[in-house]
Asks: 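There's a structure below that I have some questions on.
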Amino acid sequence: MPLPYHQRTHNCGELRAQHIGQQVLLAGWVANHRDHKGMVFVDLRDRYGMTQLRFGDETPRVVLEEARRLRSEWCICVRGTVAHRGPGNVSPRFFTGELPTGEIEVVVQELEVLSESPPPPFDISDYTTAHEDIRLEHRYLDLRRPGLQRNFLIRHRVAKTLRDYFDAHGFVELETPFLTKSTPEGARDFLVPSRLHPGKFFALPQSPQLFKQLFMVSGFDRYVQIVRCFRDEDLRADRQPEFTQLDLEMSFVQAENVMAMAEGAIAAVFAAVLNYEIPRPIPRLSYREALDRYGIDRPDTRFGLELHDVSALAGQTEFAPFRQALEGGGVVKAIVAPDPGGKVLTRKTIDGLVEELRGIGAPGLPYTKVVTDEQGQLKVETGIAKHLGSVAPSLLDALSARPGDVVWFMPGPYASVCKYLAHLRQRLGQLLQLIPQGQWNFLWVIDFPLLEWDEQERRWSSVHHPFTAPHDADLELLFSDDSSRWGQIRSKAYDLVLNGIELGGGSIRIHRAEVQRRVFHVLGINDDEAQQKFGFLLQALRYGPPPHGGLAFGLDRIVMMLTGAASLRDVIAFPKTQRGTCPLTGAPSSVTEKQLAELFIRTIPPSK
RNA sequence: GGGGACGUAGCUCAAUUGGUUAGAGUACCGGACUGUCGAUCCGGUGGUUGCGGGUUCGAGUCCCGUCGUCCUCGCCA
């Protein structure tokens with residue numbers, strides 16, 4: 001029986017006890033049907049929620065029979081009357097808050113099947129256990145699930161909140177090109193062949209970095225954009241080849257101004273989505289201190305387990321790995337893990353951790369346990385205890401160790417020691433359940449080094465990017481010919497970290513030509529190369545550029561945090577698999593010889 | 001490019017040292033059922049064990065190759 005589906009009176013999430021007695025017209029999908037022959041229940045689902053339909057005594061016989069034919073995911077429209085379910089029949093999920101419509105039901109008088117559906121390849125509900133590949137192949141069905149829909153409603157709210165916030169602060173949303181010039185620095189580019197220019201290619205932008213600086217030269221003063229970025233690198237759970245950035249740039253500012261503006265934006269988002277007020281200002285930590293204390297430039301500060309430099313005391317031991325590390329200019333650092341009762345850090349667990357560390361390149365992981373002797377004095381036992389000898393007491397004192405603690409040591413070059421202990425710290429935090437849930441620990445990491453030595457390429461390279469301004473106080477180092485000190489130059493770069501995840505970062509840019517020239521020189525980029533790669537920016541920077549700086553947030557990661565999603569794929573509507581393919585469309589795919597010929601392209605099969 | 005886990009019914013999984021006709025739950029189909037709500041009960045259909053090769057009297061199981069998915073290191077200015 002045809003029904004005017006275009007005149008829905010309500011959605012499937014809004015009917016309550018107050019609507020009892022009203023005649024309503026609903027449309028949606030059959031989420032579930034329970035057939036009792038003389039009475040049929042259907043859970044009708046749309047993006048707003050779920051409402052129970054009842055086909056029973058008040059339903060015309062022919063409509064009841066039609067209802068018994070209904071199957072999952074059919075699209076239907078019904079007319080009926082809102083009724084209380086009756087005492088004892090109210091949904092248990094109404095009382096838990098899971099099903100706000102659970103007190104009422106719609107007693108159906110008329111039904112129209114708008115379209116039928118074969119049985120779906122997997123259960124369309126938040127209970128589904130289907131693997132991701134099958135879900136991605138039928139992503140349009142996967143996206144019917146309430147949990148995923150919630151993620152995208154949050155994503156929308158985040159974007160809307162950000163646009164409103166920046167609009168209110170005088171920012172202009174401006175677009176930048178997707179077909180642009182390849183920049184060999186940084187990540188691999190996705191290339192797009194030019195039909196009009198045989199043998200030449202556009203590149204999809206890794207970020208709108210250069211263009212937003214041009215906007216500053218143009219005088220737009222405050223630019224913002226929610227923009228897609230592309231990087232042809234290997235994927236991870238938190239990394240997609242195309243991802244979305246909230247990108248902004250401001251003129252006549254210093255780092256403080258950009259960070260304050262960014263804090264306000266993030267605070268607005270957390271308030272809008274979670275009704276959570278971020279304590280501000282967000283704490284700051286220098287890069288140096290972050291590495292010293294946590295071994296990583298994006299520490300999870302929800303728990304302690306900080307790293308201790310024990311080089312001085314380690315040097316007094318006869319333990320060969322310690323001595324070798326120190327003689328080679330390295331350090332010995334330690335991490336102390338409390339394990340009252342010794343229940344968690346068993347021999348097996350410890351061996352597992354050692355193996356795990358070995359997996360990321362660590363040579364070994366000496367440790368020892370702290371116990372008390374007969375006199376109640378602290379001493380070390382097992383592991384490398386005997387190698388610590390007489391140094392043990394001062395070591396335990398320096399580490400404020402307590403009975404039951406396990407102490408882990410890592411000797412070696414500073415950078416590797418940091419890397420391995422940072423990993424160990426995170427794992428210990430999980431194992432010992434030291435990471436409080438439901439806590440949001442924001443952190444600015446500032447004063448990044450401007451340059452780092454690239455051992456493979458045997459040259460200095462930018463930590464952030466070549467347009468990042470050095471600290472005014474470190475300009476002298478930059479212009480010094482003593483290249484051994486270039487690693488000490490601090491930059492005006494900043495990263496925002498949340499619970500150990502990097503949400504975004506930015507910097508104040510160089511706006512003085514001679515500083516930019518010097519940075520290129522230090523990076524080993526000569527004038528010709530600079531002109532070839534970034535000529536248009538350098539030209540622009542000749543014409544009265546304002547001092548400027550900005551920042552970019554990974555929008556997907558922010559939404560991931562807000563939704564609690566385990567993977568970026570759960571907050572991107574049509575994501576790629578880990579090998580960069582799309583099971584839904586089959587992309588990437590072969591193209592015809594004709595298409596290739598038109599683009600003057602010949603492909604070379606990969607060699608075995 | 002390296003390391004690891006996995007691939008068996010539409011879906012999620014099981015199958016003893018290599019041993020009879022590869023099972024279960026769910027979905028699906030049929031039946032019963034007027035207060036269910038991840039309905040229940042009864043019955044039934046459903047398999048190229050990812051693909052290719054090898055070892056063996058015999059392979060889901062062992063070996064080689066290959067494809068795919070996920071995690072991870074490298075990589076991601």
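Here is how names work: the chains are called A, B, and so on, in the same order as the sequence lines, proteins then strands, and each is numbered from 1.
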Asks: Take atom CZ in A:Arg231; do more than 12 heavy atoms of anything else shown fall under 6.0 Å from it?
Replies: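 Atom CZ in A:Arg231 is packed in, count exceeds 12.
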Asks: Planes under 30° and centres closer than 5.5 Å, is that true for A:Tyr127 with the base of B:G38?
Replies: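 Stacking is present between B:G38 and A:Tyr127, given that their ring centres fall under 5.5 Å apart and the planes under 30°.
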Asks: Roughly how far apart, to the nearest Å, are B:G46 and B:A9 at atom C1'?
Replies: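 Here B:G46 and B:A9 have their C1' atoms 6 Å from each other.
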Asks: Of all the nucleotides listed (B:U12, B:G38, B:C76), which has the minimum atom distance to the side chain of A:Ile134?
Replies: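 The listed nucleotide nearest to A:Ile134's side chain is B:U12.
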Asks: For B:C11, is there a stacking contact with A:Phe122, counting only centres under 5.5 Å and planes under 30°?
Replies: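 So A:Phe122 does not count as stacking on the base.
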Asks: Would you kindly compare A:Ala237 and A:Gln209 by the position of their nearest RNA chain B nucleotide and give the one closer to the 5′ end?
Replies: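 The residue whose closest nucleotide sits nearer the 5' end is A:Ala237.
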Asks: With sugar-phosphate meaning primed atoms plus P, OP1 and OP2, does A:His131 contact a base, only sugar-phosphate, or nothing at under 4.0 Å between heavy atoms?
Replies: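 Sugar-phosphate only.
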Asks: A side-chain contact here means heavy atoms from C-beta on lying under 4.5 Å apart; do A:Arg16 and A:Ile104 qualify?
Replies: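 Answer no - side chains too far apart.
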Asks: Does A:Arg188 make a side-chain N or O approach to OP1 or OP2 of B:C75 shorter than 4.0 Å?
Replies: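 A:Arg188 to B:C75 OP1/OP2: no side-chain N or O under 4.0 Å.
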Asks: Quick one: A:Leu136 CG to B:C11 P, roughly how many Å, whole number?
Replies: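 My rounded result for the distance is 14 Å.
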Asks: Mind checking if A:Arg569 touches a base, just sugar-phosphate, or nothing, with heavy atoms under 4.0 Å?
Replies: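 Sugar-phosphate contact only - A:Arg569 comes under 4.0 Å of backbone atoms but never of a base.
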Asks: Using purine N1 to pyrimidine N3 plus N6-O4 or O6-N4 for Watson-Crick, or N1-O2 and O6-N3 for G-U wobble, each under 3.5 Å, what pairs with B:G30?
Replies: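 Paired with B:G30, as far as the under-3.5 Å criterion goes, is B:C42.
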